[in-house]
Amino acid sequence: MRGPGVTVAAYAVDESSAGGRRIPEPPPTHRSEFQRDRDRVIHSSAFRRLVYKTQVFVNHEGDLYRTRLTHSLEVAQIARTVAGALSLNEYLVEAIGLAHDLGHTPFGHAGQDALNACMRDHGGFEHNLQSLRVVDELEEKYADFPGLNLMYETREGILKHCSARHARGLGELGRRFLEGRQPALEAQLANLADEVAYNSHDVDDGLRAGLLEVEELREVALFRRAYDEVRHRYEDLQGRRLIYEIVRRLIGYMVDDLVEASSRRLLGAAPRSVEDVRSAGRPLIAFSQSMAEQHRELKRFLMHHLYRNPRVLNMTNQAWSTLTELFEAYQSDIGLMPPEFGLAAEDAAREHGESGRLRVVTDYIAGMTDRYAILEHERLFPAGGSD
Ligand code: MG
């Protein structure tokens, strides 16, 4: 592969045989194609907005919690480490990791569920699909093409899930969801790096917020292993350092397991090309069975104790009504949106009818940061007008 300091295995994505860009462009001079993708993501406006978008906690609840931006950086970091260990394309996993959440709405999953409900009769809303829409259509930076015109493999990695209904409209990129084929290893890896990142940082943020307790987390095998190891070494360690020593081990266990289990699978399946990877019948980047089970146990714990915690649910309900009311307001009067969105909505209505018009409303809301959505809601529904 071209580009500084990178050698990849035969089963990794190599830019010389990669799927290319939708609009052909001359090759970059000092970078590889996937470095260029990573750089385009970093320079996008959707990427800058991630700093004010929630992961689990609303952005203004505290400055120390993860936002979508810090989450995306952690995903990219974890993915690069594993990619290096497995001789995969590090720049590609980095580009995917940084871009994978670009389509996220304000207020995390609550926001996505609200928009999906609003768009029920008009094609729904999926955040993975929206991330692809951001890089394919919505970013307006280049004179020669809409979006960022990223490489096929980067786009494939961004679209980690997709309903069959939407997959049918996506051509080559949607085929794997209909035919049960696998994406390239870098896409598989970015997906798991996402899980490693959020499961460990949600433990960290949950403890910091006082929504989780070390004592109760000790019923989770993976956490207990880390806790016991830290306690064995540092008998009296308390507070932030205790938590951090535990969390860094959680990440370490998962990353080590991912490298070892994936190495074994790669050795067994012996793919000699990306095509072999795609037709392998199962993912080749994976946790061991035992880690997969421990990982599920941690996720179940977080579901019960964190994501369904009354404080988080309260925020979720608030987010739901904020976005739903914004949607209804713009739906009945597109003039409430900035002029360029109003014009785009009129154009889309002419071409695609009501669904087209509402898609522009959805794009506008999905692009908002948490605080912008709150301010905009206050503007449209002055105090006392709505709750
Ligand atoms: Mg993510």
Side-chain angles (χ1 to χ4, degrees), residues 37-38 41-42 44 46-59 65-83 92-116 125-135 138 148 150 153-163 183-206 247 250-251 254-255 258 283 285-287 292 295-296 298-299 302-303 306-307 312 315-316 319 366-370:
D37 275 12
R38 174 204 57 194
V41 169
I42 289 176
S44 70
F47 186 71
R48 286 195 296 279
R49 286 197 300 268
L50 292 179
V51 72
Y52 297 116
K53 290 200 184 202
T54 298
Q55 190 68 23
V56 173
F57 302 89
V58 174
N59 178 247
Y65 300 122
R66 265 67 173 189
T67 66
R68 291 266 165 215
L69 181 68
T70 53
H71 163 70
S72 301
L73 295 173
E74 290 180 28
V75 173
Q77 178 273 315
I78 289 166
R80 277 198 73 153
T81 299
V82 178
L92 173 56
V93 291
E94 188 180 17
I96 299 170
L98 295 176
H100 83 286
D101 271 352
L102 288 179
H104 257 287
T105 61
F107 312 126
H109 286 278
Q112 109 116 17
D113 292 346
L115 283 186
N116 191 31
F125 179 88
E126 294 174 21
H127 64 82
N128 281 135
L129 202 57
Q130 189 70 7
S131 295
L132 186 68
R133 200 168 148 71
V134 167
V135 301
L138 298 180
L148 306 178
L150 300 181
E153 290 78 6
T154 311
R155 298 170 59 234
E156 169 190 64
I158 291 172
L159 190 68
K160 63 180 175 179
H161 305 294
C162 180
S163 62
L185 296 172
E186 287 80 358
Q188 299 179 26
L189 168 55
N191 187 13
L192 286 172
D194 186 19
E195 299 214 4
V196 170
Y198 70 69
N199 284 311
S200 50
H201 66 49
D202 286 354
V203 166
D204 191 12
D205 285 352
V247 171
L250 290 180
I251 299 174
M254 290 192 263
V255 165
L258 195 51
I285 303 296
F287 291 123
H295 192 249
R296 278 194 294 274
L298 175 59
K299 282 169 83 147
L302 289 172
M303 179 56 76
L306 185 62
Y307 311 135
V312 173
M315 186 210 88
T316 303
M368 291 179 180
T369 61
D370 293 4

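For ligands, and for the atoms within them, numbers begin at 1 and follow the listed sequence.
- Asp194 has its closest N, O or S atom to the Mg ion (ligand 1) at the position named OD1.
- Separating the CD1 atom in Ile158 from the CG atom in Leu150 is a distance of 5.5 Å, to the nearest 0.5 Å.
- To the nearest 10 degrees, the Mg ion (ligand 1) sees NE2 of His100 and OD2 of Asp101 at an angle of 80°.
- The ring-ring contact (aromatic ring centres under 6.0 Å, His included) search around Phe287 returns His295, not counting sequence neighbours.
- Aromatic ring orientation, His71 versus Tyr198: tilted (interplanar angle from 30° to 60°).
- Looking at heavy atoms from C-beta onward, Lys160 lies in side-chain contact with Asp194 at the 4.5 angstrom threshold.
- Backbone or side-chain N, O or S atoms of His104 do not reach the Mg ion (ligand 1) at under 2.8 Å.
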